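To start, the structure under review is shown below, and the notes come after it.
Order of listing sets the numbers, starting from 1, for every ligand and every atom in it. On a predicted model such as this, the values are computed, not experimentally measured, just so you know.
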Amino acid sequence: MLSLFLFVIHSYSRNLIHDEPGKFRLILICWKPGHYNAIHDHNGSDCYFKVLQGRVREIQFQKQSQKSDKEYDEGEVCYLESLNLSHQMSNPDSETIAVTLHLYIPPFDTCHIYDPNGQQIEEVVLSYASEHGEPLYDDCHQLL
Ligand SMILES: N[C@@H](CS(=O)O)C(=O)O
Ligand SMILES: [Fe+2]
């Protein structure tokens, strides 16, 4: 099943699996070795993620200070509450990919990026490498 969705472009790839407008959204994220995202929020949505393959590191921030810095192995689940929290995720491994399944309640299409001091830098529109198994870019390819 995973092979339907693992499309990768230049960065960590976000793959839309399922959307229930106003209720929830499921996305699959593929992280190549060393990939990471910016410190960001979830625009008021709650988030759960589960590691399906590999290992990820997640740093949570509350306002201007770091709240936690943890690594999650295959099968582990993490919850990020919406209120006043931001976070940054990465694949800390130098050789193996990581795959994570994210549940957002409710769905959101933009989020805010922060610097390490908690200052908001910009609002970004989130995009996908694939939707429902269909790649959206010519340079997408399947990893598995
Ligand atoms: N919120 C991120 C993934 S993660 O860092 O939770 C995204 O939607 O791309
Ligand atoms: Fe996130």
Side-chain angles (χ1 to χ4, degrees), residues 2 4-94 96-137 139-144:
L2 287 182
L4 284 175
F5 304 113
L6 294 181
F7 296 99
V8 166
I9 43 177
H10 56 283
S11 174
Y12 78 104
S13 72
R14 306 176 73 253
N15 301 275
L16 178 64
I17 304 297
H18 187 75
D19 195 49
E20 287 289 334
K23 293 183 179 165
F24 69 89
R25 178 174 293 163
L26 269 181
I27 73 171
L28 195 73
I29 298 187
C30 185
W31 313 81
K32 279 188 173 176
H35 271 168
Y36 61 92
N37 58 19
I39 302 170
H40 62 278
D41 64 15
H42 292 154
N43 224 341
S45 292
D46 284 328
C47 165
Y48 293 86
F49 70 79
K50 179 171 184 174
V51 183
L52 299 187
Q53 185 173 331
R55 189 164 53 99
V56 291
R57 178 183 179 191
E58 192 229 15
I59 306 173
Q60 291 190 3
F61 300 84
Q62 188 153 35
K63 297 188 176 153
Q64 290 164 359
S65 54
Q66 193 170 307
K67 185 176 171 246
S68 64
D69 182 348
K70 294 184 188 165
E71 291 199 358
Y72 295 88
D73 288 318
E74 204 166 299
E76 289 192 282
V77 173
C78 172
Y79 170 65
L80 180 78
E81 65 183 273
S82 57
L83 211 58
N84 295 325
L85 282 186
S86 57
H87 76 160
Q88 179 176 41
M89 288 187 65
S90 61
N91 175 359
D93 200 278
S94 59
T96 59
I97 65 165
V99 180
T100 47
L101 182 66
H102 299 242
L103 171 65
Y104 298 115
I105 309 168
F108 58 96
D109 296 315
T110 64
C111 72
H112 305 93
I113 302 292
Y114 299 86
D115 70 17
N117 299 317
Q119 297 302 308
Q120 187 176 311
I121 300 172
E122 60 177 337
E123 182 171 12
V124 294
V125 177
L126 295 162
S127 61
Y128 298 101
S130 73
E131 292 184 0
H132 310 294
E134 297 297 327
L136 300 183
Y137 296 93
D139 59 351
C140 283
H141 60 278
Q142 288 180 256
L143 273 184
L144 297 174

Interatomic distance, R55 atom CZ to E76 atom CD [nearest 0.5 angstrom]: 10.5 Å
Proximity of H40 and H112 rings by center, below 6.0 Å: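 Not under 6.0 Å, so no.
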Between the side chains of D93 and R57, is the shortest nitrogen-to-carboxylate-oxygen separation below 4.0 Å, so that they form an ion pair? no
Expected output: side-chain [X] to main-chain [Y] donor-acceptor under 3.5 Å:
X	Y	result
D41	N84	no
Q53	A98	no
N91	W31	yes
N15	L28	yes

So, using ring-ring contact (aromatic ring centres under 6.0 Å, His included) as the criterion, who are the partners of Y72 when residues are at least two apart?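 Checked Y72 against ring-ring contact (aromatic ring centres under 6.0 Å, His included); matches are F49.
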ring-ring contact (aromatic ring centres under 6.0 Å, His included) involving F108 - partner list, sequence neighbours excluded: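 Once residues adjacent in sequence are excluded, the partners of F108 under the ring-ring contact (aromatic ring centres under 6.0 Å, His included) criterion are H42, Y104.
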Polar protein atoms (N, O or S) that approach the Fe ion (ligand 2) to under 2.8 Å: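 Under 2.8 Å from the Fe ion (ligand 2) - ignoring waters, which are not counted - the protein N, O or S atoms are H40 NE2, H42 NE2, H87 NE2.
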Protein residues near ligand 1, heavy-atom distance below 4.0 Å?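 Residues near ligand 1: Y12, R14, I27, I29, N37, H40, H42, H87, M89, H102, Y104.
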